[in-house]
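Below: one structure, written as structure tokens.
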Amino acid sequence: MDLALLRTFVTVHRAGSFTRAAALLGLSQPAVTSQIRTLERQLGRPLFLRQARGVTPTSIGDELAHKAAPHLDALVEIAESGLEEDSSLRTLHLAGPPEFTAERALPVLTELTGEDGRSIALRASFGTAEEALEGLAAGHHDLAICTARPRGALLTATALCDEEHVLVAAPRWAERIGSGGLRRTGPSALERVPVVEVHESLPFVARYWASVFDSRPVAPATVVVPDLRAVLACAAAGAGLAVLPRYLCGDALGRGDVVALHEPAVPPLRTYFLVVRTGTLAMPHIARAHERLERAAADWS
């Protein structure tokens with residue numbers, strides 16, 4: 001059986017679509033369709049059921065993928081290991097949210113760029129979770145960091161770490177509310193405090209309000225800036241309250257630039273995931289980056 005046909009089959013099985021598989025393989029969609037039909041003729045059984053959106057594997061297709069995929073991934077690992085021995089510089093394409101990627105991931109991964117004989121080149125791009133996952137599925141990225149766990153077999157996600165969200169503002173706003181304001185009146189004490197957010201929909205504030213107060217925020221955003229580091233700067237300058245990851249505002253809290261307006265018994269958390277295309281952890285440069293981030297995350301709080 002032709003290994004090229006099996007490789008195309010496994011890619012289609014993981015992608016759930018001839019179109020997406022073609023993009024990942026660098027082939028035309030008719031070429032992928034032709035290869036799958038050839039494999040189906042050789043086996044005498046259909047491997048996929050064609051649907052309006054993508055394809056669904058038959059029971060025979062699932063069985064073949066289960067048997068073939070590990071061996072194909074092992075062959076990729078062997079081939080990639082051979083390339084590593086040639087000391088060729090491999091490029092890792094990383095995608096993730098700008099703040100977490102810049103503050104957490106890049107300082108860890110840049111250590112890989114200077115290892116003697118095992119160096120990688122690093123290329124990073126910033127975007128939303130949806131953009132990162134779409135780019136990863138299309139083959140534009142090797143590794144994505146996002147707050148959404150992908151569905152389907154094409155992408156494999158590993159939980160990386162949780163981030164705690166903190167409700168903060170400049171000290172003068174805390175003085176206006178008073179030490180017992182929130183305890184006495186709940187979130188209504190915050191209704192007249194301006195809001196600083198990354199989007200008009202108040203993604204961080206609304207999530208905090210729903211989790212901690214079981215309600216919706218009343219005040220609209222006064223300042224909207226699409227970067228949490230800018231949100232912190234505006235909050236510290238007195239523009240209003242904000243909800244920020246503790247890792248990002250911890251130093252500002254320590255200096256007194258901002259103060260925590262509320263300390264709930266169970267703070268809201270958000271989980272980050274490391275996501276790769278299934279099977280690509282067989283590639284040493286991706287595996288090293290993945291493992292390095294996992295080890296570093298064990299020390300993140």
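Residue pairs that meet the ring pair (Phe, Tyr, Trp, His ring centres under 6.0 Å) test with at least one member in residues 216-243, sequence neighbours left out, do not exist here. For the ring pair (Phe, Tyr, Trp, His ring centres under 6.0 Å) condition, the pairs that include at least one residue of residues 263-284, sequence neighbours left out, are F100-Y272. Residue pairs satisfying the ring pair (Phe, Tyr, Trp, His ring centres under 6.0 Å) criterion with at least one member in residues 27-51, sequence neighbours excluded, are listed as follows: F9-F48.
Judged by distance alone, with hydrogens and angles left aside, the side-chain atoms of R277 form a donor-acceptor pair with the main-chain N or O of H141 at under 3.5 Å.
R45 and E40 are not joined by a salt bridge, as no carboxylate oxygen comes within less than 4.0 angstrom of a charged side-chain nitrogen. With respect to the salt-bridge test (charged N to carboxylate O, under 4.0 angstrom), the residues E191 and R216 do not qualify.
With sequence neighbours excluded, no residue satisfies salt bridge (Lys or Arg N to Asp or Glu O under 4.0 Å) with R41. With sequence neighbours left out, H290 forms a ring-ring contact (aromatic ring centres under 6.0 Å, His included) with no residue at all. For the salt bridge (Lys or Arg N to Asp or Glu O under 4.0 Å) test, no residue two or more places apart in sequence or in another chain qualifies with R151. Shown here are the salt bridge (Lys or Arg N to Asp or Glu O under 4.0 Å) partners of E63, two or more places apart in sequence or in another chain: K67. D227 is linked by a salt bridge (Lys or Arg N to Asp or Glu O under 4.0 Å) to R229, counting only residues two or more places apart in sequence or in another chain. Residues that satisfy the side chain to side chain contact (heavy atoms under 4.5 Å, CB included) test with V212, not counting sequence neighbours, are Y208, H262, P264, P268. In terms of the side-chain hydrogen bond (donor to acceptor under 3.5 Å, both in side chains) criterion, residue partners of E164 (sequence neighbours excluded) are, by chain and number, R246. Applying the side-chain hydrogen bond (donor to acceptor under 3.5 Å, both in side chains) rule to D142 yields no partners; only residues at least two apart in sequence or on another chain are considered. Applying the ring-ring contact (aromatic ring centres under 6.0 Å, His included) rule to W209 yields the partners F213; only residues at least two apart in sequence or on another chain are considered.
In this structure, CG on L94 lies 7.0 Å from OG on S125, to the nearest 0.5 angstrom.
At a cut-off of 3.5 Å, with distance as the only test, no side-chain donor of H199 or E197 sits close to an acceptor on the other residue.
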